[in-house]
S.K.: 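Please see the structure below; I have some questions.
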Amino acid sequence: MKTRQKYGPSQDTAFFKDVMAAFAKHPDAAKRYSIRYLGHEIDRLKIDFDRQVAESHIEGERIVTTFVDRPESQDDSDEEGLGNSSITDFGDGATPNRFCCEWKIVGNRSKCVKFCT
């Protein structure tokens, strides 16, 4: 018996339709992004993205991700509204060799949920 997936385009059809329209409207930007389900980390690892952030680095041919507590200074007031010319792409805690590479959209704001090195 085939198990039906509980998330993705077959479940969240209206959301994916809108996302696909945005990707079609911005094809160059669309080449740089993807949509990812966060439930695996939330359900299996009990990650709280309001309190924690992922950190990923490359080891040989593998990408290794660990989850750490966010800096005390990082809260919702640090994030910029979408459409604001001063939007931050890097997230609190970024350095020249550590940059935000995954965002979660909350209302009209973006929140860094993963740093890459």
Side-chain angles (χ1 to χ4, degrees):
M1 174 191 237
K2 188 174 179 182
T3 303
R4 185 175 168 103
Q5 195 165 293
K6 297 178 182 173
Y7 46 85
S10 63
Q11 295 298 310
D12 297 313
T13 54
F15 171 76
F16 275 88
K17 182 179 177 183
D18 290 348
V19 169
M20 289 169 64
F23 274 45
K25 184 177 179 180
H26 306 281
D28 289 337
K31 294 174 187 175
R32 296 186 297 269
Y33 300 97
S34 67
I35 304 297
R36 190 171 73 80
Y37 174 67
L38 295 175
H40 194 69
E41 289 92 340
I42 294 168
D43 298 339
R44 300 278 308 270
L45 298 176
K46 307 300 183 208
I47 300 301
D48 177 356
F49 285 106
D50 289 332
R51 194 177 62 73
Q52 296 169 287
V53 64
E55 291 185 344
S56 291
H57 65 276
I58 296 172
E59 287 183 7
E61 297 294 318
R62 304 176 92 181
I63 296 175
V64 178
T65 302
T66 56
F67 295 90
V68 299
D69 288 340
R70 289 181 179 278
E72 289 291 326
S73 65
Q74 188 176 15
D75 60 24
D76 290 342
S77 64
D78 292 333
E79 293 144 6
E80 302 292 331
L82 295 176
N84 184 330
S85 61
S86 64
I87 187 168
T88 176
D89 288 335
F90 303 105
D92 223 10
T95 67
N97 295 318
R98 180 178 185 252
F99 58 94
C100 185
C101 58
E102 187 173 320
W103 301 263
K104 180 179 178 183
I105 306 301
V106 181
N108 68 341
R109 301 174 95 57
S110 63
K111 180 177 204 133
C112 185
V113 294
K114 183 177 180 180
F115 285 102
C116 293
T117 59

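These figures come from a predicted structure and were not determined experimentally.
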S.K.: Mind checking what makes salt bridge (Lys or Arg N to Asp or Glu O under 4.0 Å) contact with Lys6, not counting sequence neighbours?
M.R.: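 For Lys6, no residue satisfies salt bridge (Lys or Arg N to Asp or Glu O under 4.0 Å) once neighbours in sequence are set aside.
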S.K.: Tell me, please, which residues at least two apart from Tyr33 pass ring pair (Phe, Tyr, Trp, His ring centres under 6.0 Å).
M.R.: none
S.K.: Apply the hydrophobic cluster definition, ILVMFWY joined by side-chain contacts under 4.5 Å directly or through others, and give me every member besides Tyr7.
M.R.: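 Its cluster partners, ordered by chain and number, are Tyr37.
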S.K.: Can you list everything that forms a side chain to side chain contact (heavy atoms under 4.5 Å, CB included) with Glu59? Sequence neighbours excluded, please.
M.R.: His57, Val64
S.K.: My understanding is that only residues two or more places apart in sequence, or in another chain, count here; which of them pass salt bridge (Lys or Arg N to Asp or Glu O under 4.0 Å) with Arg51?
M.R.: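 Partners of Arg51 under the salt bridge (Lys or Arg N to Asp or Glu O under 4.0 Å) test: Asp69.
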S.K.: If you link I, L, V, M, F, W and Y whenever their side-chain heavy atoms are under 4.5 Å apart, who else ends up in the same group as Ile58?
M.R.: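 Ile63, which link up through side-chain heavy atoms under 4.5 Å apart, make up the rest of the cluster.
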S.K.: Mind checking the CZ-CZ spacing from Phe49 to Arg70? Nearest 0.5 Å is all I need.
M.R.: 8.5 Å
S.K.: Where do Ala54 and Phe67 come nearest, in terms of heavy atoms and distance?
M.R.: CB-CE2, 3.5 Å
S.K.: What pairs with Thr65 under side chain to side chain donor-acceptor pair (under 3.5 Å), at least two apart in sequence or on another chain?
M.R.: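 Thr65: side chain to side chain donor-acceptor pair (under 3.5 Å) contacts with Ser56.
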S.K.: Can you run down the salt bridge (Lys or Arg N to Asp or Glu O under 4.0 Å) pairs that involve residues 11-28, sequence neighbours left out, and say none if there aren't any?
M.R.: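 Every salt bridge (Lys or Arg N to Asp or Glu O under 4.0 Å) pair that includes a residue of residues 11-28, provided the two are not neighbours, is Asp28-Lys31.
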S.K.: Go through the structure and list residues passing side chain to side chain contact (heavy atoms under 4.5 Å, CB included) with Val19, not counting sequence neighbours.
M.R.: Phe15, Phe23, Ile35
S.K.: Under 2.5 Å between the SG atoms of Cys100 and Cys116?
M.R.: no
S.K.: Excluding sequence neighbours, so at least two apart, what forms side chain to side chain donor-acceptor pair (under 3.5 Å) with Glu55?
M.R.: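 Checked Glu55 against side chain to side chain donor-acceptor pair (under 3.5 Å); matches are Arg98.
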S.K.: Sequence neighbours left out, cut at 3.5 Å: what donor-acceptor pairs do the side chains of residues 41-48 make with other protein atoms?
M.R.:
unit_1 : atom_1 : unit_2 : atom_2 : d
Glu41  : OE1    : Arg36  : NH1    : 3.3
Glu41  : OE2    : Arg36  : NH1    : 2.7
Lys46  : NZ     : Asp43  : O      : 2.9
Asp48  : OD1    : Asp50  : N      : 3.0

S.K.: Are Leu38 and Trp103 connected in the hydrophobic side-chain network, where two residues link if heavy atoms are under 4.5 Å apart?
M.R.: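 Not linked; separate clusters.
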S.K.: Taking all non-hydrogen atoms of both residues, which atom of Val53 and which atom of Cys112 are closest, and how far apart?
M.R.: CG2-O, 4.0 Å
